[in-house]
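A, B, ... follow the sequence lines: proteins, then strands. Residue 1 opens every chain. Both backbone and side-chain heavy atoms feed into the values below; hydrogens, waters and symmetry mates do not.
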Amino acid sequence: MSDAESALPSDLDRNAVQTALVEWYEADHRDFPWRRTDDPYEILVSEVMSQQTQLGRVVEAWDAFLDEWPTVADLAAADRADVVAFWTSHSLGYNNRAKYLHEAARQVTEDHDGSFPEDPDGLSELMGVGPYTANAVASFAFNNGDAVVDTNVKRVLHRAFAVPDDDSVFEMAASELMPAGESRVWNNAIMELGGVACGKTPTCDESGCPWRQFCHAYETGDFTAPDVPTQPTFEGSRRQMRGRVVRILGEYDELRLGELGPRVRVDYGGDTGEEWLRGLVEDLASDGLVTVDDERDEIRVSLAK
DNA sequence: ATCCTGAAGC
DNA sequence: GCTTCAGGAT
């Protein structure tokens, strides 16, 4: 259980490490609106939007989303098509996440009598809520989570304390470092550190990083970060075309395949003609995002209700 | 292990 | 142009 390779702070230093970070965070941090609420629904919406999307781009969408569906019951009662269309029109990407969020709202309303589970295990049962989001919502809504482990936390722990690039080790280290019973401020603070001071290009001195005196990377000058899987080129990809289909269907009630095609790509036809589009749309249908209505010789496509 | 998405950052 | 961004489902 003990960590021979990494240099997690000793019991003696841990308190100083914890205090330094919390004081740094409380002295000054970005004032995102979801940091001013403890409503689990509002927190969940912000977390799902924030997955793989820069926080600054989330603010406007978060406001508009809660304006449209102010409570979890409102969202549960909405049509999935409207939620997916909203998601796409606000450029949030990953429209599967809109479907998951809608489904999670339905779970809370129907399976939990309208009130959220208050611990990570219970929250994990909600659709689209994995280990990170479960701990984030438990922390920020109920101050009742364990340490979150996201790319920010991994990067910080790897640099500061030489925690090896291994998920289960990151989890143990993060958990050991968190002051008990302070998940709300702690998880906010450590992710703020990763987002502001210890990003890909660290700004230790400019940001007044509170861990400089403890930091392995600051001492050695090696700011190597854990590997993040690189993505294939987006331009021209199938993923891009899926995104276009969903965006277009968000603008029309229903389209025939032949009407949809030219709007998806100007060179619609040939190798990327009806056959190709049909496959694309069928994939989206199995993801529950669109409905394909195949009647007679006309194939009609729309966002799934 | 692969797929999902789009824009800012560099 | 390529990488990165508060991950999760299958």
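Remark: C1' of B:dT2 and CG of A:D287 are 13 Å apart, rounded to the nearest angstrom. Between the C1' atom of B:dC4 and the CH2 atom of A:W87 lies a distance of 13 Å, rounded to the nearest Å. Atom pair A:D283:CG and B:dC4:P shows a separation of 8 Å (rounding to whole Å applied). For A:M49 and B:dG6, the CE to P distance is 15 Å, given to the nearest whole Å. Rounded to an integer number of Å, the gap from A:N96 CG to B:dG6 C1' is 14 Å. One atom, CD of A:E235, and another, C1' of C:dG1, lie 11 Å apart when rounded to the nearest Å. If you take CG of A:D167 and P of B:dA1, they are 11 Å apart, rounded to a whole angstrom.
With A:Y94 as the partner, the side-chain contact (heavy atoms from CB on, under 4.5 Å) test is satisfied by one option alone out of A:Q52, A:K99, A:Q51: A:Q52.
Salt bridge status for A:E182 with A:R184: absent, with no side-chain N to carboxylate O gap under 4.0 Å. A:D283 and A:R238 are joined by a salt bridge, as a carboxylate oxygen and a charged side-chain nitrogen come within less than 4.0 angstrom of each other.
Within 4.0 Å of A:L289, counting heavy atoms only, lie sugar-phosphate atoms of the nucleic acid but no base atom.
Glycosidic conformation, B:dA7: anti, with the torsion outside 90° of 0.
Between A:S91 and B:dA7 there is a side-chain N or O to OP1 or OP2 distance below 4.0 Å.
Secondary-structure annotation of DNA chain C gives the stems B:1-4 with C:7-10, B:6-10 with C:1-5, with a stem taken as at least 3 successive Watson-Crick or G-U pairs whose two distances both fall under 3.5 Å.
For A:D146, the side chain to side chain donor-acceptor pair (under 3.5 Å) partners are A:S175, not counting sequence neighbours. With sequence neighbours left out, the side chain to side chain donor-acceptor pair (under 3.5 Å) criterion links A:D113 to no other residue. Among residues two or more places apart in sequence or in another chain, the side chain to side chain donor-acceptor pair (under 3.5 Å) test is passed with A:R159 by none. Under the side chain to side chain donor-acceptor pair (under 3.5 Å) criterion, A:D28 pairs with no residue at all, not counting sequence neighbours.
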| note | Contact string for nucleotides 5-10 of chain C, one letter per nucleotide 5' to 3', B = base within protein heavy-atom range under 4.0 Å, S = sugar-phosphate only, - = neither, reads BBBSS-
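For the pair A:Y41 and A:F116, the minimum side-chain heavy-atom distance is below 4.5 Å.
Between the P atoms of B:dG9 and C:dA6, the separation comes to 12 Å (whole Å).
For A:E274, the CD atom counts as loosely surrounded, since its 6.0 Å shell holds 12 or fewer non-hydrogen atoms of other residues, nucleotides or ligands.
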